[in-house]
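Working notes, structure below.
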Amino acid sequence: MGKKLNIALYWGASCGGCEIAVLDTNEKILKLAEVADIVFWPVAMDTKYKDVEKMENGSIDITLYNGAIRSEENREMAELLRRKSKLLIAFGSCAVDGCIPGLGNLYKREEVLENAFKKTVTTDNPKGIIPEVIHGKRKLTLPELEPRVSTLQQVVPVDAFIPGCPPPTELIAKFIDIVASGEEIPKGANLAPDISVCDDCDRNPKEEKILPDIIRPHRLEKDNGECFLLQGVLCMGPVTRSGCKTRCINANFPCTGCMGPTSKVTDQGARFISAIGSIIGGKELDTDQEKMKEIIDKIDDPIGTFYMYTLASSIMGGKKWKD
Amino acid sequence: MKRMGLFICHCGTNIADTVDVEKLAKKFESYPGIVFSTNYKYMCSHPGQALIADAIKEHDLDGVIVAACSPILHETTFRKLARQSGINPYQCEIANIREQCSWVHKDKEKATAKAEKIIKSIIEKTRLNEDLKPIEVDVTRKALVIGGGVAGIQAALDIADAGYPVLLVEKEPSIGGHMAQLSETFPTLDCSQCILTPKMVEAATHPNIELLAYSEVKSVDGYVGNFTVTIEEKATGIDWDICTGCGQCSEICPISVPSEFEKGLGNRPAIYTPFPQAVPNKPIIDSENCLEMKTGACGLCVRECEAEAINFNMEPTYREEEVGAIVVATGYELYPIMNLGEYGGGEIEDVIDGLAFERLLSSSGPTNGKIRRPSDGKLVKDIVFIQCAGSRDPEKHKPYCSRICCMYSTKQAMLYKHSVHDGQPYIFYIDIRSGGKGYEEFVERAQREDKVIYIRGKVSKLYRENGKVKIAGVDTIANKPIELEADLVVLAMAMIPTTGTEKLANVLKLQTDANGFLQETHPKLRPLESTTAGFYLAGCSQSPKDIPDTVSQASGAAAKVVGLFSGEYLQLEPTIATVDEELCSGCGICISVCPYSAREMDIGKGIAKVNEALCVGCGACVVACPSGATDQKNLTDEQISSMAKAILKGEKES
């Protein structure tokens, strides 16, 4: 029996869901425990940053980094774990594409702080205190929020990607199998299948597709079990990698795109706009600009719909300001 | 590593005056991948082409970039040259530095800088080009002509004379179309039927033409060179193979209903031939009005028929045919008078349209050529023609000009005067459009010889009063309102495509324009071809036109068909869409965006596929594909990205 692998799991700007997803693999995690020792996992173990710094460079075989890079701490730990790991894997959509934290790129950092600490309705902050790096005469070591949210690969080189919000259990199980078998993970690989959700979806009639209208999911009077797009409900399935066993769709909710786009697509939101823009109303609306505009105007929140998970990794990356 | 040559053309002074071609040729000598760079006065000329051919051999080039005029002009020229010089023609690309640069800018420095970027982008494209082969498609050398009016007849005859078999399908019981309804044609005043019937007979008897009258095209599958057509041969109720055409059945038939051929001005029996010179000269049974078929209470015609050709229980039959090209010659209709409320909306009996008046003029018509008004049969002493009824009216009716009405109203006024010597014809007009050969002289003759009075102005209202039709109009030259009364008013109604055309366009997936006429590929340069490959347009199905233009266009369409049939294979451009079978998820979005119906689902594999014969490489599907599974040969996403980078390199973010 060979030496056991060293594995680390870390969370940047995240919700903790990816941690739960790992535990959701149930007995599969025992298979991982057979071949690997977890040397660093803040949610479950008490290993300190100091201890990680003391490890030899490259002594961690695999690090699963979930969460986006929002603060200095997230970045420092990304850089630290990069040095200490042979393989650094972006785990979960926050690390791969920025995910929900990435939507913070629609605001300046100052606006985010103002809102969180002063403006929200339930905040009780009569003195208007906002966290500061330097307080009084001493320099506190609170990590500062970076001006923008970054994905993991935008700050350090990344070896592989496991997308999903959170990564589907099947994908994590597949990863565990790969690790257990000693199989090499190709550099830059994305472990999710390189094909869109439509391939796997029971609702896909495999016929020509048009988008007759745009209706928000909760306003659909009766779901007749057909493809969501054919019923006028925006479903990101066509621009999203499969591998999730169409969980959301099986629960009668359209795909929102958490697994990110396929390998040939650099900007998931732009690609989806091109795709549905081409089929709004179908051929009958080919020249009726008024009617098309009417339908398009029904999209309440374009960025939130098209870039929910990939704003930070998109071509624009978020809003840009002149200053 | 590709070895590319750059050839910059001066195009005389067209490019060289605005773009410093010599400076660029020198600069590009050291560009990565360029092993030879030069400039010359006229690249497309004989010495210019020889320059390229020599350079290809001498420098062992496998890519050629010609910086010159638009590829529309000379891409084919230079690609042919490339092929003859031993390199794949699709490794030869044009950088348009004329139409897109020297012709639209004045500042020499900026224009030269722009030309440099254009050239860079085309070099980058060529760098990633693959060798491609034209797609070869077999051709079924048989044509289908839909519509047996003069356009369809002419096209069928020309294709048949060239030695190819033709199937001519006509939905009415006889061929001839509207031209068979006309009395005489402008500007020669030839008897219409006299010039048409020889062609009709020839079409019916030509060894290469199979005529299917009273038949309709139900569906077309396949693609250019390889169509499968389903045709319905409707139930005539008579076995035409044994019918002798004696006409006894029509004479004995007790039913009398308005005749469609006579535009309702005369009647016909329920078993009838539409007109005496009909081809085929065989009757059909109108099942809606036949007493025997409705109640079983007649059967007189059966007793008369010696040939025993009548069969009330006949069913329509269907046949499938393989053809390589289809000519769509489905003709026109007149815009119905009921749409013009101000002109009586079809309620005033003595207000008729041009085709109905042709039947009154016709010596074999319902009144034997006597101009009698429909209401009481009284001879017409005053007649008014109203132009542009429904045409040139973008607000309420048709925005376009129907092209033929000025001429036929003039003709009709003259023919009326030849028949009623003491009658007075008036024509209310906006303009007189007489642009054809001999047309202007014809209009002059109408005024000079037949004293036709032209009044420039529109008619606002028609109404009945004291047994006459009152006309409230205006004379804009005399600048006053004018009121006339007439026995008969003839409206030059707008020409519209037949409802059959609209139906057929849906079945065949042919593009139509905003007015329902069949859409040509290019109004000036390719006016006979539909946007769907293999379909050709002839006659009024494409736009309003007169008989000379119809016959010309029909012959032109026939020439296109013969051209298609004359090669060994049909060669199509290979720069078309591709599908990455591993990446395609079968979402179906590409299928609905294709304007050429070139994409379909491979049901077995559950993915999309491209019909190589129909795809023209427009790129709509490449844009729409949500997973990047569709790309385009020699215009891949990678190439476009490369071209964009070459153009934007060095540009500051503003």
Side-chain angles (χ1 to χ4, degrees), chain A residues 193-201 203-212 227-230 234-243 246 255 257 259-288 306 315 320 322, chain B residues 505-506 509-516 519 531 577-609 618-632 636-638 640-641 644-645 648 653-654:
Chain A
D194 196 7
I195 192 167
S196 77
V197 170
C198 299
D199 179 59
D200 205 18
C201 178
R203 290 180 181 235
N204 183 6
K206 303 255 176 177
E207 280 167 11
E208 77 168 347
K209 199 141 288 174
I210 60 150
L211 184 66
C227 165
F228 281 112
L229 288 173
L230 287 174
L234 290 178
C235 171
M236 294 279 280
V239 292
T240 309
R241 285 184 187 247
S242 66
T246 65
C255 170
M259 296 281 275
T262 48
S263 59
K264 286 270 180 75
V265 176
T266 43
D267 187 318
Q268 190 189 35
R271 192 53 86 132
F272 192 61
I273 292 170
S274 292
I276 59 160
S278 304
I279 57 168
I280 290 186
K283 288 205 169 114
E284 307 87 59
L285 280 189
D286 266 340
T287 47
D288 192 339
F306 305 139
I315 293 174
K320 294 241 192 286
K322 283 212 162 103
Chain B
N506 281 329
K509 296 198 264 282
L510 293 180
Q511 274 195 310
T512 52
D513 66 20
N515 296 308
Q519 180 75 53
T531 47
T578 57
V579 177
D580 180 336
E581 297 201 353
E582 305 266 301
L583 199 45
C584 175
S585 65
C587 74
I589 287 177
C590 60
I591 297 176
S592 33
V593 305
C594 180
Y596 302 94
S597 310
R599 298 200 65 126
E600 48 188 13
M601 202 56 98
D602 182 333
I603 308 285
K605 291 185 186 165
I607 59 175
K609 60 179 182 177
C618 76
C621 58
V622 182
V623 166
C625 176
S627 52
T630 284
D631 215 336
Q632 190 161 340
T636 59
D637 281 353
E638 193 192 347
I640 295 177
S641 197
K645 286 199 181 102
L648 295 169
E653 206 179 291
S654 60

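Everything quoted here is computed from the prediction, not taken from an experiment. By convention in this document, chain letters (A, B, ...) are assigned in the order of the sequence lines, proteins followed by strands, and residues within each chain are numbered from 1.
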- Heavy-atom side-chain proximity of A:Lys264 to B:Leu583 below 4.5 angstrom: yes
- Message: So if I apply the side chain to side chain contact (heavy atoms under 4.5 Å, CB included) rule between B:Ile591 and each of A:Glu208, A:Lys206, A:Glu207, which one comes out positive?
- Response: A:Glu208
- Task: Would you mind telling me which of B:Pro626, B:Ser585, B:Cys584, B:Ser627 makes a side chain to side chain contact (heavy atoms under 4.5 Å, CB included) with A:Cys198?
- Result: B:Ser585
- Quick one: what part of A:Asn204 sits under 4.5 Å from any heavy atom of chain B, side chain, backbone, both or neither? side chain
- Query: Where on A:Thr262 is there a heavy atom nearer than 4.5 Å to chain B: the side chain, the backbone, both, or neither?
  - Reply: side chain
- Which atom of B:Val623 lies closest to which atom of A:Arg271, heavy atoms considered: O-NH1, 4.3 Å
- To the nearest 0.5 Å, what is the distance between CD1 (A:Ile280) and OG (B:Ser592)? 12.0 Å
- Note on the structure: One option among B:Gly588, B:Cys625, B:Cys621 has the most heavy-atom pairs under 4.5 Å with chain A, and it is B:Gly588
- Task: Heavy-atom distances under 4.5 Å only: say whether B:Asp602 touches chain A with side chain, backbone, both or neither.
- Result: neither
- Query: For B:Glu600, is it the side chain, the backbone, both or neither that has a heavy atom under 4.5 Å from a heavy atom of chain A?
  - Reply: neither
